[in-house]
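As a basis for the values below, the full set of heavy atoms in this structure was taken, side chains included, without hydrogen atoms, waters or symmetry mates. In listed order, ligands and their atoms are each counted from 1.
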Amino acid sequence: MLARRKFIRTTVLGSLGVLAARRAEGETHFGIKGRPMVVSTWDAGLEANKAAWEILGKGGRALDAVEKGVMVTEASQNCCVGLGANPDRDGFVTLDACIMDEFSNCGAVAFLERIKHPIAVARRVMEKTPHVMLVGSGAQQFALAEGFPLEAATLSPDAENAYREWLKKSEYKPPAINVENKQGHGPFAPAKLSNGEWNHDTIGMVAMDANGNFSGSCTTSGAGFKMRGRVGDSPIIGAGLFVDNEVGACTATGQGEDVIRVAGSHSVVELMRQGLSPEKAARKIIERIVRIKKEKARDIQVAFLAIDKKGRHGAFAIHPGFSYALRNGEQEVLVRAKSFFET
Ligand code: SD4
């Protein structure tokens with residue numbers, strides 16, 4: 001599947017003269033104000049972007065695009081986002097999500113069980129309550145009151161197998177992260193699915209619509225076999241996602257604990273506000289995490305993915321293997337991000 005996809009490096013995108021000049025900065029620039037674009041994390045982003053583009057390509061609002069986009073991933077049986085994902089160490093799948101729009105409205109749910117589309121519940125929290133975040137049984141109660149169905153409390157066949165395997169040792173030990181060599185770092189391993197593909201447990205998506213407005217979404221099952229009650233960065237505004245319509249938007253993936261400690265996505269957006277490109281801003285915050293973690297940075301993966309008001313997109317990761325999906329008027333591609341460690 002992957003072999004048929006067009007895989008590109010950030011530095012070799014583009015063909016127009018104006019883009020060549022921008023390439024000299026080591027960045028890629030396809031979207032411009034008035035021309036919509038969407039980027040999302042990992043390979044599953046390609047399918048999610050298609051749904052987002054159905055809206056963006058017709059001049060629709062970025063908020064609708066980022067919600068509908070990640071719902072594809074949440075519903076996919078071939079993905080570890082959503083109810084098909086690996087459970088916590090007590091055997092329950094618990095989901096986290098957040099969404100943010102161009103007016104800095106935001107909504108989030110965390111530790112949500114048995115609801116198929118946490119991102120849609122997060123949007124309802126944003127639009128229908130005076131709050132930003134609902135968690136656990138309260139979030140589920142709200143979802144049911146809003147008409148979301150209560151799904152079965154069963155594991156997907158892939159998750160069932162993975163959990164049975166995990167129970168043999170019951171160790172909360174970081175496995176792999178690198179999609180390419182299937183090895184690497186952090187508890188956020190690409191899970192091997194029964195169809196042979198590898199996938200991740202999170203999707204973050206940020207988009208700019210034809211009006212130049214930004215929105216973002218992030219949804220996850222979190223770390224497989226996590227402690228019961230554990231919540232990562234993904235539903236936390238400023239950590240897993242941040243949008244500022246004057247500047248741009250950023251989302252994060254990887255070890256959530258280390259994204260939270262640097263207020264990751266917010267920090268990237270603040271650096272873009274100071275004039276840094278998305279890639280350079282992401283790189284600075286990755287370097288900050290590496291400084292904090294010292295030698296432990298070898299064992300974790302974190303990546304940031306951002307877009308700005310000039311229509312630039314960029315990402316940076318601690319380790320190789322992180323890629324993001326880009327869709328705009330000209331391109332539908334996977335972009336391989338640069339990383340702090342090269343091997
Ligand atoms: C978390 N950031 O729960 C998420 C995990 C993730 O790819 O991004 N996995 O910490």
Side-chain angles (χ1 to χ4, degrees), residues 39-45 48 70 73-74 76 79-82 84-89 92-98 108-113 118-119 122 133 135 159 162 172 174-179 182 184-193 197-206 216-242 250-266 268 282 285-286 289 293 299-305 315-325 337 339:
V39 291
S40 54
T41 57
W42 306 111
D43 307 20
V70 302
T73 327
E74 285 179 341
S76 169
C79 192
C80 307
V81 173
N86 285 335
D88 65 18
R89 64 190 196 181
F92 302 99
V93 177
T94 72
L95 305 176
D96 305 331
C98 73
V109 289
F111 193 42
L112 176 62
E113 294 177 85
I119 198 66
M133 184 182 252
V135 307
Y172 183 63
I177 193 108
N178 192 319
V179 170
K182 320 295 184 231
H185 318 267
F188 309 102
K192 184 143 196 198
L193 304 169
E197 290 200 8
W198 292 77
N199 228 320
H200 290 270
D201 41 41
T202 300
I203 182 164
M205 174 181 278
V206 285
S217 59
C218 190
T219 180
T220 189
S221 57
F225 320 120
K226 61 196 173 189
M227 285 181 72
R228 183 140 179 84
R230 180 265 187 192
V231 171
D233 61 314
S234 302
I236 298 179
I237 297 296
L241 177 71
F242 196 67
C250 178
T251 188
T253 184
Q255 182 137 307
E257 285 75 3
D258 295 308
V259 176
I260 292 171
R261 75 178 93 251
V262 295
S265 292
H266 177 262
V268 170
I285 303 306
I286 288 293
I289 295 172
K293 298 297 285 186
D299 301 325
I300 57 157
Q301 174 70 308
V302 171
F304 294 109
L305 168 60
F316 206 81
I318 297 180
H319 293 279
F322 173 65
S323 54
Y324 66 93
S339 54

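- Close approach to T253 involves these atoms of ligand 1, each under 4.0 Å from a residue heavy atom: 6 (C), 7 (O), 8 (O), 9 (N).
- A side chain to side chain contact (heavy atoms under 4.5 Å, CB included) with D201 is found for one member of T219, T253, T220 and no other, namely T220.
- The distance from the CZ atom of R261 to the CG atom of D233 is 11.5 Å, given to the nearest 0.5 Å.
- Distances below 4.0 Å separate heavy atoms of D233 from the following atoms of ligand 1: 1 (C), 2 (N), 4 (C), 10 (O).
- Rounding to the nearest 0.5 angstrom, the gap separating the CZ atom in R228 from the CZ atom in R89 is 11.5 Å.
- Close approach of ligand 1 to S234 (heavy-atom distance below 4.0 Å) involves ligand atoms 2 (N), 4 (C).
- Under 4.0 angstrom from ligand 1, the non-hydrogen atoms of R230 all belong to its side chain.
- In terms of polar-atom proximity, Q255 is not counted as a contact of ligand 1, lacking any N or O under 3.5 Å from an N or O of the ligand.
- Counting heavy atoms from C-beta on, the side chains of V231 and V135 never come closer than 4.5 Å.
- With salt bridges taken as basic N to acidic carboxylate O contacts below 4.0 Å, none links E257 and K293.
- Checking only distances, G254 does come within under 3.5 Å of ligand 1, N or O to N or O.
- For ligand 1, the atoms lying closer than 4.0 Å to a non-hydrogen atom of D201 are 5 (C), 6 (C), 7 (O), 9 (N).
- Each of the atoms 3 (O) of ligand 1 lies under 4.0 Å from some heavy atom of G222.
- Atoms NE2 and CD1, on H266 and I237 in that order, are 11.5 Å from each other to the nearest 0.5 Å.
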